[in-house]
Amino acid sequence: SSVNSMVPNQVAVTSISSSSKLSSSAEKSIYAQLNQFIKNQDEENILKEGSAILMKNPNDIKAINAMAMSYYKRGQYALAKSLLLRAMKIEPGVYEIHSNMGVVLLALSEKNEALKSFKKSIELNPNDYVSASNAGSLYAIEQDFEKAVVVLEIAYSKGYRSPKVLNNYGIALTATGKYEKADKIYREALKENNSDKGILFNHAILLIQFMKKNEEGLEIKKKLKFLGVPDEARKKFQDLQAMVERK
């Protein structure tokens with residue numbers, strides 16, 4: 001591929017906000033402790049409190065989801081997967097469960113299945129920017145840039161603009177010939193973090209190789225030289241230099 005994609009694999013986890021079956025006051029009392037533990041990322045107590053809730057109601061998917069993601073964070077992926085499968089049987093239409101299943105499957109190196117889960121989540125909730133960004137990251141790694149643009153546009157349009165999302169989106173736009181938009185995305189990303197080596201590097205490629213804006217691209221190259229070129233990009237960095245010198 002002519003675009004050097006240094007795509008960080010990005011996953012984000014979704015918690016289930018509420019269950020419409022409960023009145024808000026009843027729900028607050030049931031989940032008060034669990035929500036506090038989730039907020040504090042207290043994995044051990046999430047598991048204890050989740051178990052206590054499941055003793056009273058074995059089908060409580062909020063508790064099952066919280067416990068699954070605690071196991072995920074502890075690296076116990078098989079346990080996390082089995083809990084999420086259980087939640088899916090109870091309520092197959094909860095998008096957060098499919099979104100988190102994608103994250104767990106990714107950790108188990110089941111990329112294709114993970115993608116299916118992210119797509120299912122987006123199908124259930126077209127505003128699910130977390131699954132969109134995770135799917136976009138996978139598509140970018142696989143160099144399926146047309147699909148990456150589609151899902152990353154969802155994440156971007158919903159205001160989800162982490163450096164990783166913007167970097168992946170910029171790469172996908174460059175690869176599909178949407179140079180002006182890619183330029184805009186990289187500039188936006190660099191406003192937030194002007195020393196992100198991956199974004200600087202990919203912006204330099206766009207400017208020099210595709211937009212023929214050598215002067216500006218060279219300025220970025222100088223900055224990168226000062227910051228240090230990422231190891232995986234050294235060869236491409238030399239190629240860029242040669243490209244500029246030929247002109």
Side-chain angles (χ1 to χ4, degrees), residues 1-13 41 72-73 75 102-103 106-107 109 111 114-115 118 129-130 132-149 151-153 155-156 159-247:
S1 162
S2 56
V3 180
N4 190 75
S5 57
M6 304 181 315
V7 187
N9 195 353
Q10 185 224 342
V11 293
V13 170
Q41 297 184 3
Y72 162 77
K73 286 174 188 166
V103 172
L106 212 46
S109 301
K111 276 188 194 170
L115 254 180
F118 292 138
Y129 58 81
V130 174
S133 71
N134 288 337
S137 177
L138 271 178
Y139 282 132
I141 289 164
E142 298 298 322
Q143 302 202 347
D144 191 342
F145 296 116
E146 295 282 351
K147 285 180 184 163
V149 166
V151 287
L152 289 167
E153 175 58 43
Y156 182 79
Y160 193 50
R161 311 216 170 153
S162 72
K164 289 171 184 175
V165 166
L166 294 174
N167 188 35
N168 291 345
Y169 194 26
I171 289 164
L173 288 166
T174 302
T176 52
K178 300 176 177 82
Y179 305 142
E180 296 294 337
K181 191 161 184 187
D183 186 32
K184 174 181 170 277
I185 297 296
Y186 284 136
R187 287 177 199 279
E188 189 178 329
L190 291 166
K191 249 184 214 165
E192 295 303 309
N193 182 358
N194 65 2
S195 57
D196 184 305
K197 291 183 200 175
I199 294 169
L200 282 166
F201 183 74
N202 288 328
H203 194 204
I205 290 173
L206 171 69
L207 291 169
I208 294 169
Q209 189 175 341
F210 297 99
M211 297 183 83
K212 315 301 178 204
K213 294 185 176 178
N214 288 358
E215 244 170 79
E216 203 179 349
L218 280 172
E219 284 306 309
I220 296 175
K221 265 188 92 255
K222 277 181 203 161
K223 187 170 185 176
L224 262 175
K225 213 166 188 177
F226 174 73
L227 290 169
V229 182
D231 285 344
E232 66 271 36
R234 290 239 159 90
K235 168 81 174 74
K236 185 75 185 179
F237 193 74
Q238 288 158 0
D239 293 348
L240 272 185
Q241 186 64 49
M243 210 177 285
V244 173
E245 282 164 6
R246 277 200 301 273
K247 284 165 187 171

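A quick note: this is a predicted structure, and the numbers were derived from the prediction, not measured. We count residues from 1, following the sequence as given.
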Salt bridge Glu215-Lys221, side-chain N to carboxylate O under 4.0 Å: no
Salt bridge (charged side-chain N to carboxylate O under 4.0 Å, His left out) between Glu188 and Lys191, intermediate numbers included: CA-CA 5 Å; Glu188 189 178 329; Lys191 249 184 214 165; over 6 Å; no
Side-chain heavy-atom pair Asn168, Phe145 within 4.5 angstrom cut-off: no
Minimum heavy-atom distance between Gly102 and Ala114, given as atom pair plus value: O-CB, 3.3 Å
From Met211 atom CE to Thr174 atom OG1, the distance as rounded to the nearest 0.5 Å: 9.0 Å
Distance, nearest 0.5 Å, that separates CZ of Phe201 from NZ of Lys223: 16.0 Å
Side chain proximity check, Lys213 to Ile208, heavy atoms < 4.5 angstrom: no
Validation row: Tyr186, Leu207 side chains within 4.5 angstrom (heavy atoms): no
Audit row: Glu142, Lys147, side-chain contact (heavy atoms from CB on, under 4.5 Å) steps and yes/no: CA-CA 10 Å; Glu142 298 298 322; Lys147 285 180 184 163; over 6 Å; no
Salt-bridge criterion met for Lys181 and Glu153 (N-O under 4.0 Å): yes
Identified side-chain contact (heavy atoms from CB on, under 4.5 Å) counterpart of Leu200 within the set Leu227, Asn194, Asn193: Leu227
Audit row: Glu180, Arg187, salt bridge (charged side-chain N to carboxylate O under 4.0 Å, His left out) steps and yes/no: CA-CA 11 Å; Glu180 296 294 337; Arg187 287 177 199 279; over 6 Å; no
Spacing of CG belonging to Leu224 relative to NZ belonging to Lys197, to within rounding of 0.5 Å: 8.5 Å
Nearest non-hydrogen partners of Ala148 and Gly136, listed with the distance: CB-O, 4.0 Å
Tyr129 atom OH: more than 12 heavy-atom contacts under 6.0 Å: no
Residue among Leu206, Ile185, Asp183 satisfying side-chain contact (heavy atoms from CB on, under 4.5 Å) with Leu173: Ile185
Contact check, side chains of Asn202 and Asn167, non-hydrogen atoms, under 4.5 Å: yes
With sequence neighbours excluded, residues passing ring-ring contact (aromatic ring centres under 6.0 Å, His included) with Tyr139: none
Between OG on residue Ser137 and CG on residue Leu106, distance to nearest 0.5 Å: 7.5 Å
Nearest heavy-atom neighbours spanning Ala135 and Val151: C-CG2, 4.1 Å
For the student: nearest non-hydrogen atoms of Ala155 and Ala132, plus distance: N-CB, 4.0 Å
Tyr169 OH to Ser133 OG distance, which is reported to the nearest 0.5 Å: 13.5 Å
Leu166 backbone acceptor or donor facing Arg161 side chain under 3.5 Å: no
Step-by-step side-chain contact (heavy atoms from CB on, under 4.5 Å) determination, Ser162 to Val165: CA-CA 5 Å; Ser162 72; Val165 166; 3.4 Å; yes
Any donor-acceptor N/O pair, Thr176 side chain to Ala172 backbone, under 3.5 Å: yes
For Gly217 against Ala204, the heavy-atom pair lying closest together: O-CB, 4.2 Å
